[in-house]
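In what follows, a structure is listed as structure tokens, so that the remarks can point back to it.
Side chains are part of it too, since the values below use all heavy atoms of this structure and drop only hydrogens, waters and symmetry mates. Order of listing sets the numbers, starting from 1, for every ligand and every atom in it.
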Amino acid sequence: MQRRMVLAGLATIPVFARQVWAQAPAGPHSLPPLPYPTNALEPHIDTRTMELHHGAHHRAYVNGLNAALKDHGEAAKLPLHELLARLSELPEGIRTAVRNNGGGHANHTMFWQVMGPGGGQPTGALKEAIERDFGGLEKLQEQFNAAGLRVFGSGWVFVTVDSAGKLAIVTRPNQDTPLMEGGRVLFGNDVWEHAYYLLYQNRRGDYLKAWWNVVNWAEVGKRYDAARAGTLAI
Ligand code: MN3
């Protein structure tokens, strides 16, 4: 029964991803389960996009990262945020693979967490920080959406948080992340076409606007508290 369920899930994953999965070495990193069903973010993010994005794209980053670390025991022992902060210390032969796949693993692990079907609004210390650093949620959203639109090609738009709780909007190309400079990500949105093309086609601006409907502010608030306590990792 268990096996049949796993195979039924596989049917939704394209052949290329199944092949990567079959060849990938086990661990040390693994694909975290989605914290909600794949249809939970409808109508803003469609089920098929979620299935492919989590089950194929994110899975490929995890497998690529494990493959890169296969013969590098010391690097394989590091927690992901530390591995990414120490890219320059890695052997040149695996640095690009770890940057792309490790960054992809970290970015998507964060991305699933900061979304949810509930919506809500920022509260407490997070709400105060948004007022202080952006002049309110609407202004944050405007600046964040504009920054996301300016990313040429594939990349991410993030709100970073430092240990004092100060917030800032930054963008990064490809699967780069502020974790690579030792920074911390409060939340971020994926502006690779695979994140929105099935539902929004080339209308990235519409996707950026709609995405705010699925931000899980309770979870972002917990991440804000963790950042100030020094315990936020990914
Ligand atoms: Mn993605």
Side-chain angles (χ1 to χ4, degrees), residues 9 12-14 16-21 24 29-42 44-68 80-81 83-84 96-117 144-145 147-160 169-180 185-216 219-220 223 234:
T12 63
I13 295 167
F16 76 86
R18 271 183 266 163
Q19 284 167 347
V20 170
W21 192 6
H29 297 279
S30 57
L31 181 68
L34 274 182
Y36 34 75
T38 50
N39 64 358
L41 308 182
E42 294 265 8
H44 309 291
I45 302 182
D46 60 290
T47 304
R48 187 67 181 139
T49 293
M50 291 298 289
E51 287 171 354
L52 290 166
H53 201 174
H54 177 260
H57 291 278
H58 189 174
R59 188 185 305 280
Y61 297 127
V62 172
N63 290 344
L65 177 60
N66 285 334
L80 183 55
H81 62 285
L83 179 68
L84 294 174
T96 300
V98 172
R99 180 184 201 114
N100 291 338
N101 292 286
H105 181 28
N107 283 336
H108 291 85
T109 300
M110 171 281 298
F111 189 53
W112 313 130
Q113 280 180 27
V114 301
M115 297 191 292
F144 185 97
N145 292 357
L149 269 178
R150 282 195 303 268
V151 173
F152 184 77
S154 299
W156 288 77
V157 52
F158 300 102
V159 171
T160 56
I169 293 172
V170 304
T171 63
R172 291 290 181 273
N174 305 314
Q175 293 296 350
D176 284 1
T177 153
L179 295 173
M180 291 169 182
V185 171
L186 179 63
F187 64 87
N189 194 359
D190 188 344
V191 295
W192 284 57
E193 283 184 345
H194 67 228
Y196 61 86
Y197 210 84
L198 292 182
L199 191 58
Y200 297 91
Q201 292 82 50
N202 61 330
R203 291 172 283 113
R204 185 192 286 180
D206 290 352
Y207 162 70
L208 281 159
K209 277 185 208 151
W211 183 74
W212 294 102
N213 291 296
V214 296
V215 172
N216 181 342
E219 190 59 36
V220 175
R223 292 174 63 84
I234 298 301

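Taking NE2 of His53 as the start and NE2 of His108 as the end, the distance is 3.0 Å to the nearest 0.5 Å. For the atom pair Thr109 OG1 and Leu31 CG, the distance stands at 7.5 Å (nearest 0.5 Å).
The aromatic rings of Phe144 and Trp212 sit perpendicular, their planes meeting at an angle over 60°, well past the 30° parallel limit.
In terms of distance to the Mn ion (ligand 1), the nearest N, O or S atom of Asp190 is named OD2.
Screening Asp190, Asn100, Asn107 for a side chain to side chain donor-acceptor pair (under 3.5 Å) with Gln175, the sole residue that qualifies is Asn107.
With the Mn ion (ligand 1) as the vertex, NE2 of His194 and NE2 of His108 span 140° to the nearest 10°.
Not a single N/O/S atom of His57, whether from backbone or side chain, sits less than 2.8 Å from the Mn ion (ligand 1).
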